[in-house]
Amino acid sequence: MIGKIKNGLIFGLMISGLLFVPLAEAAQGLYSMKALMDAPVYAEGHSKSIGEVDNVIVDEQMKITGIVIDVDVSASSMDGKKLFVQTGLFRLKTERDTQLDDVRYKVYLNESVAGMTHYPVVDNSWWQTAKQAASAVWEKTKSTARSAWDATKEATRNVLDTIREKTQ
């Protein structure tokens, strides 16, 4: 019985968005945003750094949605531009992490320099559009999570009422 209650509580927390870590994923450890800033960025098939991390973008739940890279490839039309790279389109490699003040990362894009042309250019217009879109998604998610949580609470209340009635 305790196991079912525990599973129900975990399910309820997952629905309500209070449990952020997907249960199927193993913990990766801690990452330093300070160390990620200015980390060198490498494109697929490029042995030299093509730029560096300029910013880390997080959503309302403080989940990383992507990074902004400052491109420094003189042979590319992307040179001097800041590009948004969505989470899942890059890999983070830890170079050193034994001391907090000495953590170092390298970022590897899943694209070649030529393939980077579809990454959005980050400017004020992009920022305003991205902010509005994220806000709309957040409001919809909040509403859906609230509805699911209310339904879970109601179902739990009904189960508890039924158990009380049968045990009296």
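All values below were derived from every heavy atom in this structure, side-chain atoms included, with hydrogens, water molecules and symmetry-related copies excluded.
Scored by the side-chain hydrogen bond (donor to acceptor under 3.5 Å, both in side chains) test, Lys82 finds Asp54 as partners (sequence neighbours excluded). For Leu89, the side chain to side chain contact (heavy atoms under 4.5 Å, CB included) partners two or more places apart in sequence, or in a different chain, are Val85, Gln86, Tyr119. By the side-chain hydrogen bond (donor to acceptor under 3.5 Å, both in side chains) test, Asn55 pairs with no residue at all, sequence neighbours left out. Applying the salt bridge (Lys or Arg N to Asp or Glu O under 4.0 Å) criterion to Lys106, with sequence neighbours excluded, gives no partner residue. For Phe90, there are no ring-ring contact (aromatic ring centres under 6.0 Å, His included) partners two or more places apart in sequence or in a different chain.
A side-chain contact (heavy atoms from CB on, under 4.5 Å) with Met33 is found for one member of Val53, Val56, Val58 and no other, namely Val56.
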Subject >> Steps toward side chain to side chain contact (heavy atoms under 4.5 Å, CB included) verdict (Val107, Ile69) >> reply: CA-CA 10 Å; Val107 175; Ile69 60 172; 5.6 Å; no
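Two residues are said to be in side-chain contact when any heavy atoms from C-beta on lie closer than 4.5 Å; Glu111 and His118 meet this criterion. Side-chain contact check for Asn110 versus Arg91: some heavy-atom pair is nearer than 4.5 Å. Residues Ile50 and Leu109 have side chains in contact (heavy-atom distance under 4.5 Å, counting atoms from C-beta outward).
Between the side chain of Thr87 and the backbone N or O of Ile64, at least one donor-acceptor pair lies under 3.5 Å.
Cluster annotation: Met37 and Tyr42 are assigned to distinct hydrophobic clusters (Ile/Leu/Val/Met/Phe/Trp/Tyr, side-chain heavy-atom contacts under 4.5 Å, transitive).
In this structure, Tyr105 and Ser32 approach most closely via the heavy-atom pair OH-N, 3.0 Å. Of all heavy-atom pairs spanning Ser112 and Ala43, the tightest one is C-CB, 4.0 Å.
The other residues sharing a hydrophobic cluster with Val68 are Ile57, Phe84, Val122, Trp126, Trp127, where clustering joins ILVMFWY side chains under 4.5 Å apart.
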